Amino acid sequence: MNCESDHKDVIAENERLRQRIRELEEADKERDHLRAALGRSEEHVRLFVTYTPAAFAMFDRDMRYILVSHRHLADFGLREEDVLGRSHYEIFPDMPEHWKAIHQRCLAGASEGNDEEPFPRADGHVEWGSWRIFPWHTTTGEIGGIVLFSEVITKRKQLEDKLRMQAKTLLELSAPIVPIRQGVLVLPLVGALDAARAQQMMENLLSKVVERQARVAIIDVTGVPDIDTGSASALLQVARAVRLLGAQVVLTGIRPEVSQAIVRLDIDLAGIVTRRDLQSGIAFATATSPGASSPSPP
């Protein structure tokens, strides 16, 4: 009887062992499947990062390259085989200290960025960049390093500066300041007077008043199609600024419809000499020259 019982126990134990073996074999297959899926996923991520049009780089906690996109390599003149596994600071030995401080803050959990920042290089030229940095986390939730999204905007910055200079030149050409005699400047305005143009006009006129030691600045608005509250306010600001430099402002060329608009808008032109046309304004400026007789009424 005992032998029969022992035999049954052996059979049962063998069955449990076979079942356990089958479970382990299934687990191995599942692990192989998961390993293959993980490998494919990692390959997809690597391909995405490599060929994404964005400049992307992934670093570990020691700032060594883990992943990098072709765009990042192209922007900074690098090769993938020259950067993977190497320190970012070894690749860029001229890295400014404030950048290293940013990296450390992000490795501690911060996320930072800048839309426009200069990056002086060792050879003396300056690159401009837009960037975002934030930490990445391991499966256990710890910070494994940082990721960098960047864009070299040097060409765009240079183009913007060029366009800005061209716009400034056009503004200057649209409001030329003409010295007609010692101490007298004429600023003939043509076209609409907006805030940007008024600011440029003020800067140029004040500079010329100081440079020429002008006593009188004649602003001729014959070519201004309309005077509204904004443009009138701009003229008043210019006049006050010129008067602070010790010069007199003479406003000429106010047409009947413009004068009606000034009255309707209740614009106070106190402190500004007005004359019918540019010729009358020049006559006033000439009459107020040192040694000249008192000016005639308008």
Side-chain angles (χ1 to χ4, degrees), residues 37-171 195-196 199-200 203:
L38 180 60
R40 289 193 299 271
S41 178
E42 290 177 345
E43 179 63 14
H44 292 161
V45 170
R46 189 188 68 79
L47 289 173
F48 172 79
V49 169
T50 299
Y51 295 104
T52 182
F56 171 89
M58 186 175 187
F59 305 91
D60 64 15
R61 293 194 59 85
D62 294 321
M63 289 303 295
R64 291 189 296 260
Y65 280 86
I66 299 174
L67 289 173
V68 62
S69 70
H70 284 178
R71 177 63 181 274
H72 180 91
L73 296 171
D75 282 351
F76 295 100
L78 304 172
R79 296 187 306 171
E80 185 174 7
E81 58 269 26
D82 293 336
V83 300
L84 291 181
R86 293 178 62 191
S87 168
H88 190 47
Y89 305 137
E90 182 183 355
I91 304 299
F92 296 99
D94 53 350
M95 181 72 61
E97 289 301 319
H98 83 278
W99 266 87
K100 296 180 180 179
I102 291 172
H103 297 157
Q104 292 305 309
R105 290 197 296 270
C106 292
L107 285 169
S111 296
E112 301 190 20
N114 195 322
D115 292 330
E116 189 175 285
E117 179 167 341
F119 184 22
R121 304 305 299 271
D123 60 4
H125 82 282
V126 177
E127 295 281 0
W128 287 83
S130 171
W131 56 270
R132 294 288 184 276
I133 299 178
F134 52 88
W136 63 268
H137 296 78
T138 66
T139 55
T140 60
E142 298 176 344
I143 295 177
I146 60 174
V147 292
L148 164 66
F149 287 92
S150 64
E151 180 185 4
V152 176
I153 60 170
T154 303
K155 291 183 179 179
R156 189 185 80 191
K157 179 71 174 175
Q158 291 171 345
L159 178 59
E160 289 175 351
D161 290 343
K162 182 178 180 180
L163 291 175
R164 192 177 297 111
M165 291 301 299
Q166 290 177 344
K168 181 179 178 181
T169 300
L170 288 174
L171 284 172
Q199 180 64 32
Q200 184 66 47
E203 293 175 1

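Residue indices begin at 1 and follow the sequence shown. The shown structure was predicted, so the numbers you read here are calculated from the model rather than taken from an experiment.
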request  = Compare every heavy atom of Ile133 with every heavy atom of Cys106, then report the nearest pair and how far apart it is.
outcome  = SG-CG2, 3.5 Å
key: Pairwise side-chain contact, His98 with Glu117, heavy-atom cut-off 4.5 Å (strictly under)   = yes
task = Find the distance between CH2 (Trp128) and CD (Gln158) and round it off to the nearest 0.5 Å.
result = 10.5 Å
note = In this structure, CD of Glu112 is separated from CH2 of Trp99 (nearest 0.5 Å) by 10.0 Å
query = About how many Å separate CZ of Arg64 and CG of Leu84, when rounded to the nearest 0.5 Å?
reply = 12.5 Å
key: Nearest-0.5 Å distance that lies between atom CG in Asp75 and atom CD in Glu127   = 9.0 Å
message = I need the minimum non-hydrogen distance between Pro135 and Ser111, along with the two atoms involved.
response = CD-OG, 3.7 Å
task = Looking only at non-hydrogen atoms, find the nearest pair between Val126 and Pro118 and report the distance.
result = CG1-CB, 3.8 Å
query = Is there any salt bridge (charged side-chain N to carboxylate O under 4.0 Å, His left out) pair reaching into residues 135-156, and which pairs are they, with sequence neighbours excluded?
reply = Arg156-Glu160
message = Quick check: do Phe59 and Tyr65 have side-chain heavy atoms less than 4.5 Å from each other?
response = yes
ask   = Do Phe76 and Val68 come within less than 4.5 Å of each other through their side chains, counting heavy atoms only?
value = no
request  = From the options Thr154, Asp161, Leu159, select the one residue that forms a side-chain contact (heavy atoms from CB on, under 4.5 Å) with Lys157.
outcome  = Asp161
request  = List the atom of Ser69, the atom of Ala55, and the distance in Å for their closest heavy-atom pair.
outcome  = OG-CA, 3.6 Å
message = Determine whether a donor-acceptor pair (N or O, by modelled atom type, separation under 3.5 Å) exists between the side chain of Arg71 and the backbone of Phe56.
response = no
key: Reported CG-to-NE2 distance for the pair Leu148 and His103, which is rounded to 0.5 angstrom   = 6.5 Å
ask   = Roughly how far, to the nearest 0.5 Å, is the CH2 atom of Trp136 from the CG atom of Leu107?
value = 10.5 Å
